[in-house]
**Student:** 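Input: one structure, supplied below.
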Protein chains: 2
Amino acid sequence: MYTCILQVIVVVWSMKIESSSAPRSLCPLSKALELIGDKWSLVIVRDMCLGKKRYGDFQQSPEGIPTNILADRLKKLEEHGIIGKRSYQQKPVRYEYFLTPKGADLLPVMQQLIIWMKKYDPDCWTPPEGFYDATPESLLQAYSEIE
Amino acid sequence: MYTCILQVIVVVWSMKIESSSAPRSLCPLSKALELIGDKWSLVIVRDMCLGKKRYGDFQQSPEGIPTNILADRLKKLEEHGIIGKRSYQQKPVRYEYFLTPKGADLLPVMQQLIIWMKKYDPDCWTPPEGFYDATPESLLQAYSEIE
DNA sequence: GATTGTCGCTTGTCTTTTGCAAGCGAGTAG
DNA sequence: CTACTCGCTTGCAAAAGACAAGCGACAATC
């Protein structure tokens, strides 16, 4: 009897711990929003499109992302395969971040968001030259040229 | 002296009350995320694209949006001109919601999000026939055909 | 005509997330 | 030895979110 109750508790707990909980639905829009539907994730991806790589780079963006949120988002974006990291020095070991193909493929989403916002809020900034012409492939190309 | 302090308090308060606070930056992506960068807003817009109009319709979506969040988002989306509402009955007065041109123009954003998610998570649902071919204009057209 | 039910919310309460500031460890520079 | 940088982590208060219950204005039913 009590054993049974304990088992239920354990199961409920393990459900909370393992695999970041079940999706709300299998709708692709809803699932996408569960991954990147917040105010900061795409700002970080934007910065990476613009060539930023390091923790300090992201911190210096004009939006002023809180440092604990930045650390959390970098971890989640990596868990979801949107970004990757590699160490750029030992002693102490430090990492720089880069877009994976999955992350680069978010470019069309951001382009559409920007087109939409520019249309209804003309005061906001104009993206850098060639931004609308960029493709996920051209972003990844930029990485391979560096190495 | 005390008058001065009171003035300061009034100014700070009025800054909080008027116009929903200053944007983090004028970057169009960042501003767009401040409007619709959350897990629920685009789910509601999606439902409206699919022809849902009423509070109860939105509640019945498979994601199960909490009712207070739904009320809050409908209010905010209306404040930002993304949706509108009109009464469909008196006694008691009840409203139904519809996409404005600004709201309908979010369709390309959602289409790109869905393309992205389908590419990296093939298990999720396939959108209804003709979804990718729809345009903001065709969504608004649907409204005018009803009346 | 009292009761039950529906619709579109609002309210209360608790939990989670966010924002801000401070701290910290492993180094380098002076 | 002290000061400083970088990339975080920790602590805490405030805001937002989730869940359940309630509510007002009616329509339908008993």
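Per chain, numbering begins at 1; letters A, B, ... match sequence-line order.
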**Student:** If you compare every side-chain N and O of Trp40(A) against the phosphate oxygens of dG19(C) (OP1, OP2), does one of them come in below 4.0 Å?
**Tutor:**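 Result: yes.
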**Student:** So, the side chain of Gln111(A) versus the backbone of Phe131(A): is there a donor-acceptor pair under 3.5 Å, distance only?
**Tutor:**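 Here the side-chain-to-backbone pair exists.
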**Student:** For the helix from dG1(C)-dC30(D) to dG30(C)-dC1(D), what is the angle between the axes at its two ends, each from 5 pairs, rounded to 10°?
**Tutor:**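 Result, rounded to 10 degrees: 10°.
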**Student:** Using whole Å, what does the distance between atom P of nucleotide dT10(D) and atom NZ of Lys75(A) come to?
**Tutor:**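 Rounded to the whole Å, the gap is 10 Å.
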**Student:** For Arg73(A), answer base if it contacts any base atom (sugar-phosphate contacts may also be present), sugar-phosphate if it contacts only those atoms, and nothing otherwise; contact means non-hydrogen atoms under 4.0 Å.
**Tutor:**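 Touches sugar-phosphate only.
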**Student:** Would Asp72(B) and Lys76(B) pass as an ion pair if we require N to O under 4.0 Å?
**Tutor:**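 Looking at Asp72(B) and Lys76(B), the cut-off is met.
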**Student:** Has the side chain of Gln89(B) got a donor or acceptor atom that lies under 3.5 Å from a matching backbone atom of Pro92(B)?
**Tutor:**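 A pair under 3.5 Å: yes.
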**Student:** Could you list all N or O pairs between the protein and nucleotides 10-12 of chain C that sit under 3.5 Å apart?
**Tutor:**
none

**Student:** Between atom CD1 in Ile65(A) and atom P in dT18(C), what is the gap in whole Å?
**Tutor:**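 That distance rounds to 10 Å.
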**Student:** Would you confirm whether Lys102(A), through its side chain, and His80(A), through its main-chain N or O, come within 3.5 Å as a donor-acceptor pair?
**Tutor:**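 Yes; judged by distance alone, with no hydrogens or angles, the pair exists.
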**Student:** Could you state the CG-P distance from Asp57(A) to dT5(D), rounded to the nearest angstrom?
**Tutor:**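 Distance check: Asp57(A) CG to dT5(D) P gives 16 Å.
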**Student:** Please give me every residue in residues 88-96 of chain A whose heavy atoms get under 4.0 Å of an atom in DNA chain D, ordered by residue number.
**Tutor:**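 Only Tyr88(A), Arg94(A) qualify.
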**Student:** To the nearest angstrom, how far is Lys39(A) atom NZ from dT18(C) atom P?
**Tutor:**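 Lys39(A) atom NZ is separated from dT18(C) atom P by 10 Å.
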**Student:** Roughly, in whole Å, what's the span from NZ in Lys53(A) to P in dG7(D)?
**Tutor:**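 After rounding, the reported distance stands at 13 Å.
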**Student:** Look at Glu96(B) together with Arg86(B) and state whether they make a salt bridge at an N to O cut-off of under 4.0 Å.
**Tutor:**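 Yes.
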**Student:** Side-chain contact test, heavy atoms from C-beta onward, threshold under 4.5 Å: evaluate it for Leu99(A) versus Leu107(A) and give yes or no.
**Tutor:**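 No; the side chains remain at least 4.5 Å from each other.
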**Student:** Taking C-beta and beyond as the side chain, do Pro62(A) and Arg24(B) meet within less than 4.5 Å on heavy atoms?
**Tutor:**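 Result no, sub-4.5 Å side-chain heavy-atom pair not found.
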**Student:** Roughly how many Å is it from CZ in Arg24(A) to P in dG17(D), rounded to a whole number?
**Tutor:**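 One finds 12 Å between P of dG17(D) and CZ of Arg24(A), rounded.
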**Student:** Over all strands shown, is Tyr97(A) touching base, sugar-phosphate only, or nothing at heavy-atom distances under 4.0 angstrom?
**Tutor:**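 If one applies the 4.0 Å heavy-atom cut-off, Tyr97(A) turns out to touch the sugar-phosphate alone, with no base involved.
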**Student:** Let me know the distance between CG of Asp38(B) and C1' of dA18(D), rounded to the nearest Å.
**Tutor:**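 Taking atom C1' of dA18(D) as the reference, CG of Asp38(B) is at 14 Å.
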**Student:** For residues Leu42(B) and Leu29(A), report the shortest heavy-atom separation together with the two atoms involved.
**Tutor:**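 Taking every non-hydrogen atom into account, O-CD2, 3.4 Å.
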**Student:** Could you check how far CD1 of Ile69(B) sits from P of dA20(D), rounded to whole Å?
**Tutor:**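 Those two atoms, CD1 and P, are 14 Å apart.
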**Student:** Would you say that Tyr55(B) contacts Thr67(B) through its side chain, given a criterion of any heavy-atom pair below 4.5 Å between the two side chains?
**Tutor:**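 Yes, close enough: below the 4.5 Å cut-off.
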**Student:** Could you check whether any side-chain N or O of Lys53(B) sits under 3.5 Å from a backbone N or O of Phe98(B), counting only pairs where one atom can act as donor and the other as acceptor?
**Tutor:**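 No: the side chain of Lys53(B) does not pair with the backbone of Phe98(B).
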**Student:** Shortest non-hydrogen contact from Lys31(A) to Met117(B)?
**Tutor:**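 Closest approach of Lys31(A) to Met117(B): C-SD, 3.8 Å.
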